[in-house]
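What you see is a predicted model; the values in this text were computed from it and never measured. The sequence lines fix the lettering, A, B, ..., with proteins before strands; numbering per chain opens at 1.
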Amino acid sequence: MVKTAHGEFQTPVFMPVGTQATVKTQSHAELKELGAEIILGNTYHLYLRPGADLIASAGGLHEFSGWDRPMLTDSGGYQVFSLKALNRITDEGVEFQSHLDGSRHIFTPENVVEIQRKLGSDITMPLDVCTEYPAEHRKAEKDAARTLQWLKRAKAAWIANPSRQVLYGIVQGSIYEDLRERCLNDISEIDFPGLALGGLSVGEPKEDLLRILDFLAPKLPPEKPRHLLGVGTPEDLLDGVLYGVDTFDCVMPTRNARNGTIFTRKGKMTIKAAAYASDFRPIDPECGCPACRNYTRAYIRHMLSVGEILGLRLTTAHNLYFYINLIKQIRQAIKDKSYKSFRQEKLAEMSEGSEHLY
RNA sequence: GGAGGGGUUCCCGAGUGGCCAAAGGGAACAGACUGUAAAUCUGUCGGCUCAGCCUUCGGAGGUUCGAAUCCUCCCCCCUCCA
């Protein structure tokens, strides 16, 4: 259980990504119905539009958007990675050009704290350098050292003007155990209330992700919540929990939904496939989501192929329901002290293939 | 009846003697997507025994070393005039 200024949420939890203060295609009422307890917004995107001051003048993100449950904002560190062609990193911070109009901006550890203060999110992330994959040890080391300096400055900025918001630390270090360990040790001296693991699932082999999680898990402070940034697939969630991850965020369920990939208990289903054109059954007869309760595969496929918005809404609702429900089942299994066998069963079921849903 | 324009690979549409199995777009099909520049992107898209061959640009015939492109006749569509 994690408490925030806007209520509490249970862990482990999956938070849908709502970059621009909206989880694409879903209303807040719908998100709640799907069981979303916390959502994520993005500092970089909201800073550019509509602007932190405007959101502050509305009273913060919660007032602005109408979402009254907890909210986490990512720092823009990921955009340093995903929009790297548009920015330049220095010790001071990141000089970047807006992907919208090319205008120049500077993000520093300090002003990213300040911007998020204006946004009023409950959990905030410091500016970090998300190391790309593959990266040589030297490069990863440099990024990690810079991230650490930025974390110290971010923490100092927060202390200078404390708030009810919490500021997490972020562990970088790419796929190198020595760097991950050094990051963790250095960060522990700064005393963050929660820790995020960054720079994972950025293209590295799955075994590297698991190796790093396995390596870090016993070294992480047990009393502090652990967030696994940007991860992942349903299988990743099952694995992450094994290593004590408390919170996850990922665009996968929402983005893949819009692109026609549906997640089911028996694995992925590409609903746009011709095979479903005249399949008048629900996606999954055992799923309780709004799409499965009321619509057929053929109809959902039709909605997507003709470009109707309802198709995007239905697949998004299904995937979020699937992720959130999976997490709920995980919580129950943990309560029942049967998580390891639960995980094995789930992984086995997911590998069967969606053609075995009936 | 007269004048003009046009029929191209599933659709739209470029191509007016060789570099054309034929631009581009769409559709279709397959794949990708992990702190969202994403309702996006990539690939395939006549057939085969696939570095080659065969069939194809309304139909038939002809000119030419070579034709979707030139000529003749025919069929169909559109616009304007009567």
Show which side-chain atoms of residues 215-222 of chain A pair as donor or acceptor with protein atoms under 3.5 Å away, not counting sequence neighbours.
unit_1: A:Lys219; atom_1: NZ; unit_2: A:Phe215; atom_2: O; d: 3.1

Using distance only, find each side-chain donor-acceptor pair of residues 87-95 of chain A under 3.5 Å and give its atom names and separation, not counting sequence neighbours.
unit_1: A:Asn87; atom_1: ND2; unit_2: A:Val80; atom_2: O; d: 3.3
unit_1: A:Asn87; atom_1: ND2; unit_2: A:Leu83; atom_2: O; d: 3.3
unit_1: A:Arg88; atom_1: NH2; unit_2: A:Glu95; atom_2: OE2; d: 3.0
unit_1: A:Thr90; atom_1: OG1; unit_2: A:Glu92; atom_2: N; d: 3.3
unit_1: A:Thr90; atom_1: OG1; unit_2: A:Gly93; atom_2: N; d: 3.3
unit_1: A:Thr90; atom_1: OG1; unit_2: A:Gly93; atom_2: O; d: 3.4
unit_1: A:Asp91; atom_1: OD1; unit_2: A:Arg146; atom_2: NE; d: 3.0
unit_1: A:Asp91; atom_1: OD1; unit_2: A:Arg146; atom_2: NH2; d: 2.8

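Here A:Glu204 lies out of heavy-atom contact (under 4.0 Å) with every strand. Within 4.0 Å of A:Gly260, counting heavy atoms only, lies no atom of the nucleic acid at all.
Bounding nucleotides for the chain A contact on RNA chain B, 5' to 3', at a heavy-atom distance below 4.0 Å, are B:C29 to B:U40.
The pair A:Asp239-A:Arg343 meets the salt-bridge criterion, with a side-chain N (NZ, NE, NH1 or NH2) lying under 4.0 Å from an Asp/Glu carboxylate O.
Taking atom P in both B:A60 and B:U69, the straight-line distance is 13 Å, to the nearest Å. Taking atom C1' in both B:A23 and B:A14, one finds a spacing of 6 Å when rounded to whole Å.
Judged as a side chain to side chain donor-acceptor pair (under 3.5 Å), not a single pair has a partner in residues 10-20 of chain A (not counting sequence neighbours).
Between A:Lys268 and A:Leu40, the residue anchored nearer the 5' end of RNA chain B, judged by the nucleotide with its closest heavy atom, is A:Lys268. Judged by closest nucleotide on RNA chain B, A:Cys250 is the one of A:Arg258 and A:Cys250 placed further toward the 5' end.
Under the salt bridge (Lys or Arg N to Asp or Glu O under 4.0 Å) criterion, A:Asp246 pairs with no residue at all, not counting sequence neighbours. Under the ring-ring contact (aromatic ring centres under 6.0 Å, His included) criterion, A:Tyr323 pairs with A:Phe14, A:Phe263, sequence neighbours left out.
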